[in-house]
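Comments concern the structure below.
Nothing fancy with the numbering, it's 1 onward along the sequence.
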Amino acid sequence: MTRTPSAQRRHLGTALLLAGVTASALSGCASGEKSAQDSPSSAPPTSAPPQGVVTRTEADKILDHYQEVNNRANKSRDTTLLSTVEAGQLYARSKADYEQFSTLGAKEKKEFGEPFQFTGRSFYIPPKGDWFAAAATTTGKNHTLMVFEKSADTGDTWKKVISLFPRKALPAPTTQNGLTTPAEANTAVGQLAPSGVTDAVEDLFASGGTKDGRKLSLSNEDAKSILKTHKERGDDLGAQATVNFFPITPLHEKTYTLTTGSGVMVIAPLAHKEESLVKNSALQITPGKSESVYNKTPRAVVVDSFQGEAVVHLPLQGKPEILDYRYSMVDSR
């Protein structure tokens, strides 16, 4: 779904109970090129320009359709309707928003179903493949970066699979004949290959950036936010429990790339679980409001599952920079 972007990770209150004492726990919240036809000997052969995965007009219609269906789905929180225009971890995140609607405050509930509109649209269309990217401004002047895909994973229909809200301007993708140029996922760009972005970002949560995450720039706001989540993961439960993050498989593992003038912009899937475990069998963790939607039973271990996505720029020189990331808790057991 597309609404005003919330915090990158939900913060879910849990409570550790012992002899009536409670402590709140922090949870993270295109078709191919045309061939020239044989020409008479009097005229040299010519080649038509590449068509692209879709035309600009087709991309506009796809975005219009998504906007119309998503607005209707949000109003009634209709997951079946929403599934006709969203797929992958984005659909899982949107479905979780619907499921957790009862935990919202009155103002958030009122705003939830308010219609939105995409304006100031730009499209980044590869010459071939099964996806294209779009950028736009939504109601409320939020800038969004999206990816639409048509593949077996999306039921062979165009569905939105990525929704990001970068706070600053993104590097401009390079174009040729009006089409963008994807990069090879397994070819390193500077210090990191696009296929390694998911592991690098998840390592910031899991180890605080001591492994794959060391390849990323850790000085910008998004990286600092993730590192803060890692560092403070067990503060509220204290010594009575352990809290750790573990990477899991994203629901849709595809990575998308756009070549820029200074490197490659990578749009990658993310996923991890957050495990809170008591150290003493006499203790139990009471799930927070959002966790209770899925399992409200007090228990010795709470495992929250998160799905998300990120956009990271891989420069030809220097360290890759996280430009935005989004997560939602989609299950708790």
Side-chain angles (χ1 to χ4, degrees), residues 7-14 16 25-29 88-90 92-93 96 162 164 185-186 188 191-255 266-279 285 287-288 290-291 294 300-314 319-333:
Q8 281 110 336
R9 280 180 57 84
R10 292 185 178 277
H11 292 271
L12 310 166
T14 58
L16 188 65
L26 174 69
S27 294
C29 169
Q89 59 268 18
L90 175 60
R93 296 202 295 116
I162 296 287
L164 291 156
N186 295 319
Q191 302 186 26
L192 187 63
S195 58
V197 165
T198 297
D199 289 345
V201 175
E202 288 297 349
D203 181 59
L204 300 186
F205 284 100
S207 79
T210 63
K211 299 176 182 178
D212 290 339
R214 296 178 63 183
K215 299 175 183 178
L216 298 171
S217 170
L218 305 182
S219 61
N220 79 336
E221 182 179 344
D222 288 308
K224 287 180 178 179
S225 176
I226 299 175
L227 292 175
K228 185 174 185 287
T229 298
H230 170 81
K231 182 178 180 181
E232 298 177 353
R233 66 195 185 280
D235 284 3
D236 290 331
L237 288 180
Q240 300 178 97
T242 60
V243 181
N244 289 296
F245 298 103
F246 302 95
I248 59 175
T249 303
L251 291 173
H252 188 48
E253 297 185 75
K254 189 166 184 173
T255 296
V266 181
I267 305 166
L270 302 174
H272 61 246
K273 64 180 180 180
E274 180 181 19
E275 182 182 274
S276 302
L277 175 65
V278 299
K279 295 180 179 180
I285 298 172
S290 295
E291 292 164 324
Y294 305 100
V301 57
V302 173
V303 180
D304 297 335
S305 297
F306 292 83
Q307 293 284 333
E309 54 254 33
V311 55
V312 176
H313 190 243
L314 309 184
K319 287 196 171 185
E321 182 179 7
I322 302 172
L323 304 177
D324 189 43
Y325 71 99
R326 300 284 150 180
Y327 278 99
S328 291
M329 189 195 76
V330 300
D331 196 15
S332 181
R333 300 297 170 187

Heavy-atom closest pair, residues [X] and [Y]:
| X | Y | answer |
| --- | --- | --- |
| L192 | L314 | O-CD1, 3.3 Å |
| A223 | S217 | CB-O, 3.4 Å |
| T198 | A268 | OG1-CB, 3.7 Å |
| V201 | V312 | CG2-CG2, 4.2 Å |
| I285 | S276 | CD1-O, 3.5 Å |
| P269 | H252 | CB-O, 3.3 Å |

**Message:** If you define the side chain from C-beta out and look only at heavy atoms, does anything of V197 sit under 4.5 Å from T255?
**Reply:**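 They are not in side-chain contact.
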**Message:** Determine whether a donor-acceptor pair (N or O, by modelled atom type, separation under 3.5 Å) exists between the side chain of S195 and the backbone of A185.
**Reply:**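 Yes, S195 side chain to A185 backbone: donor-acceptor pair under 3.5 Å.
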**Asked** Got a donor-acceptor contact below 3.5 angstrom from the Q307 side chain to the A271 backbone?
**Response**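 No.
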How long is the gap from [atom1] on [X] to [atom2] on [Y], to the nearest 0.5 Å?
| X | Y | atom1 | atom2 | result |
| --- | --- | --- | --- | --- |
| F205 | Y327 | CZ | OH | 4.5 Å |
| I322 | H313 | CD1 | NE2 | 14.0 Å |
| D199 | K211 | CG | NZ | 11.5 Å |
| L90 | L251 | CG | CG | 11.0 Å |
| T229 | K231 | OG1 | NZ | 12.5 Å |
| S328 | E309 | OG | CD | 8.5 Å |

**Asked** Does R333 CZ have over 12 foreign heavy atoms under 6.0 Å away?
**Response**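 Check passes, neighbour count above 12.
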**Message:** Go through it in stages, so that I can follow the logic: the residues are L227 and L218, the test is side-chain contact (heavy atoms from CB on, under 4.5 Å), and I'd like the CA-CA distance, side-chain angles, deciding distance and then a yes or no.
**Reply:** CA-CA 8 Å; L227 292 175; L218 305 182; 4.1 Å; yes
**Message:** Check the orientation of H272 and F245. Use parallel for under 30°, tilted for 30 to 60°, and perpendicular for over 60°.
**Reply:**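 Aromatic pair H272/F245 classed perpendicular.
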**Request:** Apply side-chain contact (heavy atoms from CB on, under 4.5 Å) to H230 and L204, showing your working.
**Result:** CA-CA 7 Å; H230 170 81; L204 300 186; over 6 Å; no
**Contacts of type side-chain contact (heavy atoms from CB on, under 4.5 Å), residue K273, not counting sequence neighbours** =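 K273: side-chain contact (heavy atoms from CB on, under 4.5 Å) contacts with F246, I248, V303.
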**Prompt:** Would L323 and D222 satisfy side-chain contact (heavy atoms from CB on, under 4.5 Å), going step by step from the backbone distance to the final call?
**Reply:** CA-CA 7 Å; L323 304 177; D222 288 308; 5.5 Å; no
**Prompt:** Going through the distances and angles, do Q89 and I162 end up as a side-chain contact (heavy atoms from CB on, under 4.5 Å)?
**Reply:** CA-CA 8 Å; Q89 59 268 18; I162 296 287; 4.3 Å; yes
